[in-house]
**Student:** 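Got a structure here, written out as structure tokens. Questions coming.
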Amino acid sequence: MKEQLKKILSKLEREERPRIRFRRGDKLPMMMAVSCIITATATYMVLSGTAAYARKLSALRAITPEIQDYELGDYSYEPVTTKRNILLSVTDEDGLCRVHVFTFDEDKHTLEISDIPPDTLVSCGGFEGTLSEAYETEVYPEIVSMALSLHLDGSMAMDTETVSDCINLLGGVELTLDKELKIGDNILSKGKRTVMGSVAKVIFSDRESYSDGDTDRITAYHRLLISFISTLKEKGAVEWVSLTLNLIVNRVETDMTVSETIELINLLNETQTEDININLITTENSK
């Protein structure tokens, strides 16, 4: 049996094994066949991917958009708007006396002003102290931005002397007081009057109104600030800028470029003064 197997294997080894050979003239059909196989494979992959994408797209379309959920549930929502936040600080000979964040809504042409007491304590980015102390650092805008969790598009700073001179150049601003006010050694009588720079300077410097919790003095300041902005609007951007250009260029500190400052002036010019709101930001973190 073993001998017979050996003979069969020997015979098979001697026989010529079948081989597939292509003549030169057969190369083109072979290449075409290979090309067809590749094309068919690629087409299958594309179609499979398209089918998968179509299934995902169909599933996404079947989901109710979130905005429709709000509408169906009778919820109200506010459309996305473009806002610009500007930090405005006012100082006097004793340091920081007013801190504001002006939020311009470019779509609605409105202005929201956040009034923040200078003695507000903040702790962020390795800094701990009041905003007045933060103002003495080189990263004051960054500290305010982190403390409020708010992106700032620019910052400006001026002293009360500059504010006073600006108001004098405008010819004064209107202010109505509901009652007599005592600010330091100064007494302001009740009623409506045209306030000039010297009185405006006293009101702008009244940082103690926050720590005293004197809402009448704080309200008087807010009215003066809105009246100041309204007067700028009434004068018109071209006129008030030309009147105060020397002060803006030489006595106002800002990290904004000329083009950014011009954009800010345009925003102020387009603001609806009747829709200006001032919000006092009060926290327990104050000295």
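Note that these values count all heavy atoms, side chains included, but never hydrogens, waters or copies made by symmetry. No experiment lies behind these values; they were computed from the predicted model shown.
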**Student:** Which heavy atom in Thr231 sits nearest to a heavy atom in Gly172, and how many Å separate them?
**Tutor:** CG2-O, 4.1 Å
**Student:** What I'd like to find out is whether the side chain of Thr261 reaches to under 4.5 Å of the side chain of Val258, using heavy atoms alone.
**Tutor:** no
**Student:** Looking at OG of Ser209 and CG of Asp214, how far apart are the two atoms once the value is rounded to the nearest 0.5 Å?
**Tutor:** 7.0 Å
**Student:** If the threshold is 4.0 Å, N to carboxylate O, is there a salt bridge linking Arg217 and Asp206?
**Tutor:** yes
**Student:** Is the shortest heavy-atom distance from the side chain of Leu264 to the side chain of Met156 under 4.5 Å?
**Tutor:** yes
**Student:** Output, in order, the C-alpha distance, side-chain angles, deciding distance and verdict of side-chain contact (heavy atoms from CB on, under 4.5 Å) for Ile183 and Ile203.
**Tutor:** CA-CA 8 Å; Ile183 303 176; Ile203 297 174; 4.1 Å; yes
**Student:** With no hydrogens and no angle check, just 3.5 Å: does a side-chain donor-acceptor pair link Asn279 and Ser114?
**Tutor:** no
**Student:** For Thr244 and Leu247, indicate whether the former's side chain and the latter's backbone hold a donor-acceptor pair under 3.5 Å.
**Tutor:** no
**Student:** Please say yes or no: joined through hydrophobic side-chain contacts below 4.5 Å, possibly via intermediate residues, are Leu131 and Leu152 part of one cluster?
**Tutor:** yes
**Student:** Can I get a per-line list of side-chain donor-acceptor pairs under 3.5 Å for residues 265-277, giving both atom names and the distance, sequence neighbours left out?
**Tutor:**
{"residue": "Asn266", "atom": "ND2", "partner": "Ile262", "partner atom": "O", "Å": "3.4"}
{"residue": "Thr271", "atom": "OG1", "partner": "Leu267", "partner atom": "O", "Å": "2.8"}
{"residue": "Asn277", "atom": "ND2", "partner": "Glu112", "partner atom": "OE2", "Å": "3.1"}

**Student:** Can you give me the closest heavy-atom contact between Leu111 and Ile229, atom names plus distance?
**Tutor:** CD2-CD1, 4.1 Å
**Student:** Under the side-chain contact (heavy atoms from CB on, under 4.5 Å) criterion, do Cys166 and Phe228 qualify, and how do the steps go?
**Tutor:** CA-CA 10 Å; Cys166 184; Phe228 185 18; 3.7 Å; yes
**Student:** Could you grab the distance from atom CG of Asp165 to atom CG of Asp159, nearest 0.5 Å is fine?
**Tutor:** 8.5 Å
**Student:** What is the minimum heavy-atom distance between His100 and Arg98, and which atoms define it?
**Tutor:** CE1-CB, 3.4 Å
**Student:** If hydrophobic clusters are built by linking Ile, Leu, Val, Met, Phe, Trp and Tyr wherever their side-chain heavy atoms come under 4.5 Å apart, do Leu188 and Met196 end up in the same one?
**Tutor:** no
**Student:** Could you tell me whether a side-chain N or O of Glu260 sits under 3.5 Å from a main-chain N or O of Thr257, the two making a donor and an acceptor?
**Tutor:** yes
**Student:** Using every non-hydrogen atom in the two residues, find where Ala220 and Leu177 come nearest and quote the distance to one decimal.
**Tutor:** CB-CD2, 3.7 Å
**Student:** Kindly write out the residues that satisfy ring pair (Phe, Tyr, Trp, His ring centres under 6.0 Å) with Phe204, not counting sequence neighbours, or none if the list is empty.
**Tutor:** Tyr221
**Student:** Among Ser89, Ser145, Ser155, find the one that has a side chain to side chain donor-acceptor pair (under 3.5 Å) with Tyr140.
**Tutor:** Ser89
**Student:** Could you report the tightest heavy-atom contact between Ile167 and Val195, atom names first, then the distance?
**Tutor:** CG2-O, 3.7 Å
**Student:** Quick test of your reading of the model: are Lys83 and Asp107 salt-bridged, counting only N-O distances below 4.0 Å?
**Tutor:** no
**Student:** So, Asn85 versus Thr103: side-chain donor-acceptor pair below 3.5 Å or not?
**Tutor:** yes
**Student:** To the nearest 0.5 Å, what is the distance between CG (Asp119) and CD (Glu208)?
**Tutor:** 10.0 Å
**Student:** Compare all side-chain heavy atoms of Asp115 with those of Val99 and state whether any distance is below 4.5 angstrom.
**Tutor:** no
**Student:** Sequence neighbours left out, what pairs pass salt bridge (Lys or Arg N to Asp or Glu O under 4.0 Å) with at least one residue falling in residues 178-192?
**Tutor:** Asp178-Arg223, Lys179-Asp216
**Student:** Do Val101 and Leu150 come close enough that some side-chain heavy atom pair is under 4.5 Å?
**Tutor:** yes
**Student:** Output yes when a side-chain donor or acceptor of Arg207 lies under 3.5 Å from a complementary backbone atom of Leu96, and no otherwise.
**Tutor:** yes
**Student:** Starting from the C-alpha separation in whole Å, work towards a yes-or-no answer on side-chain contact (heavy atoms from CB on, under 4.5 Å) for Tyr210 and Leu280.
**Tutor:** CA-CA 10 Å; Tyr210 300 114; Leu280 179 62; 3.7 Å; yes
**Student:** Return yes if a side-chain donor-acceptor contact under 3.5 Å exists between Ser227 and Glu174, otherwise no.
**Tutor:** no
**Student:** When you compare the side chain of Phe127 with that of Glu133, does any pair of heavy atoms fall below 4.5 Å?
**Tutor:** yes
**Student:** Would you please test Glu161 and Arg251 for salt bridge (charged side-chain N to carboxylate O under 4.0 Å, His left out) and show each step?
**Tutor:** CA-CA 10 Å; Glu161 193 67 39; Arg251 293 167 59 181; 5.3 Å; no
**Student:** Give a yes or no on whether a salt bridge exists between Lys201 and Asp92, defined as a side-chain N under 4.0 angstrom from a carboxylate O.
**Tutor:** no
**Student:** With side chains defined as the heavy atoms from C-beta onward, is the minimum distance between Asp153 and Met256 less than 4.5 Å?
**Tutor:** no
**Student:** Under a single-linkage definition using a 4.5 Å side-chain heavy-atom cutoff for Ile, Leu, Val, Met, Phe, Trp and Tyr, are Leu169 and Val90 assigned to the same hydrophobic cluster?
**Tutor:** no
**Student:** Are Ile278 and Ile226 close enough that some pair of their side-chain heavy atoms sits under 4.5 Å apart?
**Tutor:** yes
**Student:** Would you call Thr82 and Asp105 a side-chain contact if the rule is heavy atoms closer than 4.5 Å?
**Tutor:** no
**Student:** Checking the side chain of Asn168 only, and the main-chain atoms of Gly197 only, is there a donor and an acceptor separated by less than 3.5 Å?
**Tutor:** yes
**Student:** Given the rule in the side-chain contact (heavy atoms from CB on, under 4.5 Å) test, do Glu253 and Met158 qualify, once you have shown the distances and angles that lead to the verdict?
**Tutor:** CA-CA 6 Å; Glu253 298 178 5; Met158 64 184 75; over 6 Å; no
**Student:** Taking Pro118's backbone N and O only, do any of them form a donor-acceptor pair with Ser132's side chain (distance below 3.5 Å, no angle check)?
**Tutor:** yes
**Student:** On a heavy-atom basis, which atom in Thr160 and which in Ser205 lie closest, and how many Å separate them?
**Tutor:** CG2-OG, 3.4 Å
**Student:** For the atom pair CG (Leu232) and CG (Leu170), what is the distance rounded to the nearest 0.5 Å?
**Tutor:** 5.5 Å
**Student:** Would you say Leu87 and Val252 are hydrophobically clustered, going by side-chain heavy atoms of ILVMFWY under 4.5 Å?
**Tutor:** no
**Student:** In this structure, would Ile218 and Ile281 fall into the same cluster of hydrophobic residues linked by side-chain contacts under 4.5 Å?
**Tutor:** no
